[in-house]
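The structure appears right after this line, and notes come after that.
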There are 2 protein chains.
Amino acid sequence: MTTPEEALPSRLERACAERGLKMTGQRRIIARVLSEAADHPDVEEVYRRAAAIDAGISLATVYRSMRLFEEIGIIQRHDFGDGRARYEEARGDHHHHLIDIETGEVVEFQDPELEAAVTRIARHLGFDMIGQRLEIFGRRIQRKGPETA
Amino acid sequence: MTTPEEALPSRLERACAERGLKMTGQRRIIARVLSEAADHPDVEEVYRRAAAIDAGISLATVYRSMRLFEEIGIIQRHDFGDGRARYEEARGDHHHHLIDIETGEVVEFQDPELEAAVTRIARHLGFDMIGQRLEIFGRRIQRKGPETA
DNA sequence: TTACTTGCAAAGGTTTTGCGACGTT
DNA sequence: AACGTCGCAAAACCTTTGCAAGTAA
């Protein structure tokens with residue numbers, strides 16, 4: 001029994017192929033896991049998801065793939081302050097992250113005014129901006145009834 | 001021969017004392033090293049500077065102090081993408097960092113418009129902003145003569 | 001076939017920790 | 001005296017890598 005999605009190469013798999021990478025079974029699966037992820041998994045988590053599809057994938061290969069994918073720019077690495085790298089597919093859009101300090105939930109956002117400010121600041125300091133990274137740490141505003149403060 | 005500055009407790013030393021921490025010689029020296037740092041040293045570098053003042057300080061103690069100081073909020077930890085934590089004293093001011101990707105130089109900056117945008121974004125997403133962190137990676141704009149492009 | 005990729009296990013770099021001794025309060 | 005702190009060395013963690021075997025092109 002073959003699941004239908006195995007037939008369609010993932011966005012990342014296509015990106016790999018375009019760059020002439022050898023498409024091994026492992027690479028394909030890791031690419032698919034990343035393409036299908038809606039969150040920001042760490043390496044261990046990518047490994048878990050990949051191993052669930054094919055147990056014959058080693059952690060070393062996942063590490064190697066993440067590094068490779070990042071180097072060729074098809075995924076992005078993030079640091080959300082928990083000591084390990086977190087990844088997501090590099091789609092075209094430029095966005096930042098707001099991390100809920102109570103749940104760890106990550107919300108992505110984008111803001112033109114912010115972009116403008118950052119570009120302006122870099123130029124003002126005498127730099128061409130190559131990259132940027134903003135994380136906001138916050139706590140969800142509760143709008144329950146009044147608590148006896 | 002006693003250097004005059006040994007007599008004056010550093011800003012961080014005072015902050016420690018205020019919170020009732022035991023002021024050991026090591027703690028005092030590490031606090032002073034951090035208070036006097038104008039850059040963003042990593043733990044190894046703080047260790048080097050502290051050991052230069054008193055060789056009887058261990059790396060473990062520096063690690064323990066950094067963690068402690070960070071927990072009580074008197075220093076700030078940063079990640080500039082080089083794999084280890086970098087620190088600076090938490091002065092009152094809120095600022096961000098621009099990292100020169102060619103030299104590693106770190107420029108601090110502050111910008112009201114940026115702050116306003118970030119606060120607005122957090123609120124708009126339904127969060128109270130607890131903290132934020134922005135790093136811009138850039139390359140210095142050269143204004144030499146035209147190069148044969 | 002050839003060059004790239006893999007798995008395994010060992011090693012690397014950073015940070016933490018158990019423990020007995022020591023120092024501050 | 002009591003408790004926190006220290007140094008040392010071991011270990012925990014995440015990540016990288018050497019090597020021999022396997023595989024895509």
Side-chain angles (χ1 to χ4, degrees), chain A residues 6 9 12-34 40-48 50-51 53-72 74-87, chain B residues 9 12-34 40-48 50-72 74-87:
Chain A
E6 272 183 27
L12 281 182
E13 184 180 337
R14 272 180 275 124
C16 287
E18 274 169 28
R19 286 159 225 247
L21 294 188
K22 268 188 201 173
M23 288 317 292
T24 64
Q26 294 92 328
R27 202 107 98 191
R28 228 181 291 274
I29 289 175
I30 295 168
R32 179 142 68 90
V33 164
L34 289 166
H40 305 77
D42 59 23
V43 173
E44 201 71 45
E45 179 61 27
V46 173
Y47 171 59
R48 251 178 257 123
I53 299 176
D54 174 355
I57 287 185
S58 75
L59 185 56
T61 295
V62 177
Y63 268 106
R64 278 193 272 240
S65 300
M66 304 308 274
R67 179 198 254 277
L68 177 65
F69 290 177
E70 195 205 347
E71 277 171 5
I72 65 180
I74 63 178
I75 64 174
Q76 275 188 295
R77 182 176 32 172
H78 298 291
D79 162 46
F80 294 154
D82 50 4
R84 56 238 140 97
R86 312 269 299 264
Y87 295 88
Chain B
L12 281 181
E13 184 180 337
R14 273 180 273 122
C16 287
E18 273 167 27
R19 285 158 225 245
L21 295 188
K22 266 189 200 171
M23 289 316 293
T24 64
Q26 293 92 330
R27 201 105 99 192
R28 227 182 291 273
I29 289 176
I30 294 168
R32 179 142 69 89
V33 163
L34 289 166
H40 306 77
D42 60 23
V43 173
E44 201 71 45
E45 179 60 27
V46 173
Y47 171 59
R48 251 178 257 122
I53 301 178
D54 175 354
I57 287 184
S58 75
L59 185 55
T61 295
V62 177
Y63 268 107
R64 278 193 272 240
S65 300
M66 303 309 274
R67 179 198 252 278
L68 177 65
F69 290 176
E70 195 204 345
E71 276 171 4
I72 64 179
I74 62 176
I75 64 174
Q76 276 189 294
R77 183 176 31 172
H78 298 291
D79 162 47
F80 294 154
D82 50 4
R84 56 238 139 97
R86 312 268 301 263
Y87 295 89

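Here is the naming used below: chain letters follow the sequence lines, and residue numbers restart at 1 for every chain. Only this structure's heavy atoms are used, side chains among them; waters, hydrogens and symmetry mates stay out.
Heavy-atom minimum distance, A:Ala50 versus A:Ile57: CB-CD1, 3.9 Å. For the residue pair B:Leu12 and B:Ile74, the shortest heavy atom distance occurs at CD2-O, 3.3 Å.
Rounded to whole Å, atom P of D:dC14 lies 13 Å from atom CG of A:Asp79. Rounded to whole Å, the distance from CG on B:Asp82 to C1' on C:dT14 is 12 Å. Rounded to whole angstrom, the span from the CE atom of A:Met66 across to the P atom of D:dC14 amounts to 15 Å. Following rounding to the nearest Å, A:Arg27 (CZ) and D:dA25 (C1') show an atom-to-atom distance of 13 Å. When rounded to the nearest whole Å, the span between CD of B:Glu45 and P of C:dT14 equals 13 Å. Rounding to whole angstrom units, CZ of residue A:Arg84 and C1' of D:dA12 are separated by 14 Å. Atom CG of B:Leu59 is separated from atom C1' of D:dC6 by 13 Å (rounded to the nearest Å). The interatomic distance linking B:Leu68 (CG) with C:dT16 (P) rounds to 12 Å, in whole Å.
Mapping B:Lys22 and B:Ile30 onto DNA chain D by nearest heavy atom places B:Lys22 closer to the 5' end of the strand. Toward the 5' end of DNA chain C, the nearer of the two residues B:Arg77 and B:Gly25, judged by each one's closest nucleotide, is B:Arg77.
The shortest distance between the side-chain N/O atoms of A:Gln26 and the OP1/OP2 oxygens of C:dG7 is below 4.0 Å. Dashed line: the shortest gap from a side-chain N or O of A:Arg28 to OP1 or OP2 of D:dA24 is not under 4.0 Å. OP1 or OP2 of C:dT6 has at least one side-chain nitrogen or oxygen of A:Thr24 nearer than 4.0 Å. Distances shorter than 4.0 Å separate none of the side-chain N or O atoms of A:Tyr63 from OP1 or OP2 on D:dT16.
A side-chain hydrogen bond (donor to acceptor under 3.5 Å, both in side chains) with A:Asp42 is found for exactly one of A:Arg86, A:His78, A:Arg84, namely A:Arg84.
Nucleic acid contact for B:Arg67: sugar-phosphate only, since backbone atoms but no base atoms lie under 4.0 Å from a heavy atom of the residue. When heavy atoms are screened at a 4.0 angstrom cut-off, B:Gly56 is found touching the sugar-phosphate backbone but no base atom.
Side-chain atoms of B:Arg64 lie closest to C:dT17 of the nucleotides C:dT17, C:dC4, D:dT17.
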Practice item. In sequence, state the C-alpha distance, the side-chain angles, and the governing distance for A:Glu71 and A:Arg67, and then conclude on salt bridge (Lys or Arg N to Asp or Glu O under 4.0 Å). Key: CA-CA 6 Å; A:Glu71 277 171 5; A:Arg67 179 198 254 277; 3.0 Å; yes
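Counting heavy atoms from C-beta outward, B:Glu44 and B:Leu59 have side chains that approach closer than 4.5 Å.
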